[in-house]
2 protein chains.
Amino acid sequence: MAETVLELYHGSGGNKATAAGQPPRPRCPPPFLVKTYDLLEENEVDGGDGDGDSKRIVSWNAEGNGFVVRSPAEFSEFILPRFFKHNNFSSFIRQLNTYGFKKTSSKTWEFKHEKFRRGCKHLLVEISRKKCEPSMFPSYLKSCSEENAVSNSMEENRELIEENKNLKKERSQLQMQIAQFKALEMKLLECLSQYMDNHQNNKLRKLC
Amino acid sequence: MAETVLELYHGSGGNKATAAGQPPRPRCPPPFLVKTYDLLEENEVDGGDGDGDSKRIVSWNAEGNGFVVRSPAEFSEFILPRFFKHNNFSSFIRQLNTYGFKKTSSKTWEFKHEKFRRGCKHLLVEISRKKCEPSMFPSYLKSCSEENAVSNSMEENRELIEENKNLKKERSQLQMQIAQFKALEMKLLECLSQYMDNHQNNKLRKLC
DNA sequence: GGGAATATTCCC
DNA sequence: GGGAATATTCCC
């Protein structure tokens with residue numbers, strides 16, 4: 001049986017921002033990318049170790065800006081389990097899609113990624129899981145954005161509630177003002193009627 | 001090397017509500033539970049197949065309402081990889097915790113779950129991943145609840161905005177009312193002054 | 001091709 | 001013990 005490649009699980013460890021406040025740029029790329037790169041490098045060796053023809057199973061393409069799985073069956077049976085915890089070609093494809101690789105042709109199993117090139121292992125850190133589409137928003141950004149949405153809504157609510165309170169206070173003051181005007185009106189009318197009465201009385205007195 | 005148990009991945013398939021609208025009660029339990037149960041069942045066999053003493057590594061407890069890992073090292077090395085894609089005891093423990101199993105003692109590796117009992121494989125469907133605590137809210141419920149929070153906040157906002165609009169309308173009407181009162185007051189005062197003037201004039205006329 | 005569930009790992 | 005990331009699987 002083929003020897004098993006045992007590697008420490010990478011996870012998100014070491015990719016966090018440091019206490020010094022540096023940007024959260026990952027220092028080491030996701031294990032999937034490293035394993036896929038290593039798997040191709042391994043087959044680039046030209047040494048006569050009897051395994052040199054595994055290039056017919058999988059290898060970098062001619063330009064070195066992508067790779068080709070020439071024999072998916074053998075790739076799944078012999079290569080995959082040495083690097084991953086499975087031997088399913090579709091799981092491998094799923095990961096490629098997750099990391100943004102593109103199948104270049106419907107006829108061959110060639111895959112490309114802008115940052116996945118022969119001799120450029122350092123570029124792997126630039127590749128990250130696809131998580132930025134609205135449909136597959138990253139959970140941490142999602143919850144963050146949703147919390148922001150909640151937070152924003154709550155902030156808006158606070159402002160609206162404050163405005164409501166002020167409007168109600170204003171209404172109360174206006175209603176008091178109106179009540180005072182009504183009272184004043186009453187007094188004025190009363191006053192007027194007094195004068196009118198007097199006027200009338202005077203008139204009557206004159207007439208008498 | 002120990003033979004590898006290859007099992008179809010279970011996932012969530014077959015556990016969905018049918019088109020007929022039946023409740024989404026799972027028909028088959030999560031693979032982790034089945035594998036753990038099978039692993040214990042396997043060691044219950046008393047046949048003289050030379051593997052009968054694996055009970056000293058792991059087995060149901062005396063009451064059959066839990067199980068004990070007596071030799072974590074051997075369990076990890078020989079049992080785990082035959083049922084799972086790893087040989088890490090801690091990963092096994094992580095899964096037990098995920099499914100709500102409890103460690104019964106700090107001294108032994110005995111675990112229990114209400115629905116995990118010898119001879120009761122049918123109870124496994126009753127066990128589900130822990131996802132209901134506020135701290136470990138399931139992502140679908142979380143996003144749902146957060147969407148609800150947003151939705152609630154937005155609903156509140158709508159109501160507050162509506163109330164604000166009404167309050168402003170009311171304020172405008174009250175201010176118009178006050179303007180009319182002021183105009184009325186002016187007229188009344190004018191009126192009064194006229195009467196007073198007349199009165200004065202009359203008085204003066206009388207005096208002359 | 002990707003959504004979503006479970007599995008595995010790492011970390012606190 | 002559990003949060004959270006990546007990995008693997010299943011399904012549409």
Side-chain angles (χ1 to χ4, degrees), chain A residues 6-17 19 24 26 28-36 76 80-81 83-104 106 111 124 127-144, chain B residues 6-17 19 24 26 28-36 76 80-81 83-104 106 111 124 127-144:
Chain A
L6 281 183
E7 248 181 83
L8 269 180
Y9 185 80
H10 166 280
S12 60
N15 286 352
K16 292 182 182 175
C28 58
F32 171 75
L33 298 173
V34 176
K35 289 175 180 177
T36 304
S76 302
L80 283 183
F83 290 85
F84 304 99
K85 288 176 180 292
H86 65 84
N87 57 0
N88 303 309
F89 194 55
S90 60
S91 291
F92 180 70
I93 303 299
R94 185 73 195 85
Q95 283 282 69
L96 289 176
N97 286 325
T98 297
Y99 282 97
F101 283 75
K102 295 297 176 192
K103 196 169 186 290
T104 58
S106 59
F111 296 91
L124 297 184
I127 305 175
S128 58
R129 293 167 75 89
K130 276 199 292 180
K131 286 185 167 182
C132 298
E133 294 81 35
S135 54
M136 199 187 169
F137 224 35
S139 65
Y140 67 95
L141 278 184
K142 196 175 179 181
S143 78
C144 170
Chain B
L6 283 182
E7 246 182 82
L8 269 181
Y9 184 80
H10 166 279
S12 61
N15 285 353
K16 292 184 179 173
C28 56
F32 171 76
L33 299 172
V34 176
K35 288 175 180 178
T36 304
S76 302
L80 282 184
F83 290 85
F84 304 99
K85 288 176 180 292
H86 65 85
N87 56 359
N88 303 308
F89 195 55
S90 59
S91 291
F92 180 70
I93 303 298
R94 184 73 195 88
Q95 282 282 68
L96 289 175
N97 286 325
T98 297
Y99 283 97
F101 283 74
K102 295 294 175 194
K103 195 169 186 294
T104 59
S106 61
F111 296 91
L124 297 184
I127 306 175
S128 57
R129 291 166 77 87
K130 275 200 292 180
K131 288 183 165 181
C132 298
E133 294 80 37
S135 54
M136 198 190 169
F137 225 33
S139 64
Y140 66 94
L141 277 183
K142 194 174 182 184
S143 78
C144 170

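Remember, predicted model here, so these are calculated numbers, not experimental data.
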How long is the line joining [atom1] of [X] and [atom2] of [N], in whole Å?
| X | N | atom1 | atom2 | answer |
| --- | --- | --- | --- | --- |
| Phe83(B) | dT8(D) | CZ | C1' | 20 Å |
| Phe92(A) | dC10(D) | CZ | C1' | 19 Å |
| Ile93(A) | dG2(C) | CD1 | C1' | 13 Å |
| Leu33(A) | dT6(D) | CG | P | 10 Å |
| His86(A) | dT6(C) | NE2 | C1' | 15 Å |
| Gln95(B) | dC10(C) | CD | C1' | 15 Å |
| Phe101(B) | dG2(D) | CZ | P | 14 Å |

Hey, what do you get for NZ (Lys35(B)) to CG (Leu80(B)), rounding to the nearest 0.5 Å? 11.0 Å
Just verifying a value: how many Å separate Phe92(B) CZ and Phe83(B) CZ, rounded to the nearest 0.5 Å? 10.0 Å
Between [options], which nucleotide gets closest to the side-chain atoms of [X]?
| X | options | value |
| --- | --- | --- |
| Pro31(A) | dG1(D), dT8(D), dT6(D) | dT6(D) |
| Lys130(A) | dT8(C), dG1(C), dT6(D) | dG1(C) |
| Asn97(B) | dT8(C), dG1(D), dA7(D) | dG1(D) |
| Arg129(B) | dT6(C), dG1(D), dG1(C) | dT6(C) |
| Phe84(A) | dG2(D), dA7(C), dT8(D) | dT8(D) |
| Tyr99(B) | dG3(C), dG1(C), dA7(C) | dA7(C) |

For DNA chain C, whose closest nucleotide is more 5', that of Lys103(A) or that of Ser90(B)? Lys103(A)
Of Lys85(A) and Phe111(A), whose nearest nucleotide on DNA chain C comes first from the 5' end? Phe111(A)
hbond_proxy Arg94(A) side chain to dG2(C) base (donor-acceptor, 3.5 Å cutoff): yes
Residue list, side-chain contact (heavy atoms from CB on, under 4.5 Å) with Lys102(B), at least two apart or on another chain: Lys130(B)
According to side-chain contact (heavy atoms from CB on, under 4.5 Å), who are the partners of Thr104(B), at least two apart in sequence or on a separate chain? Glu110(B), Lys112(B)
Quick one about Arg94(B) and Ser90(B) (side-chain donor to acceptor, distance below 3.5 Å, no hydrogens or angles considered), yes or no? no
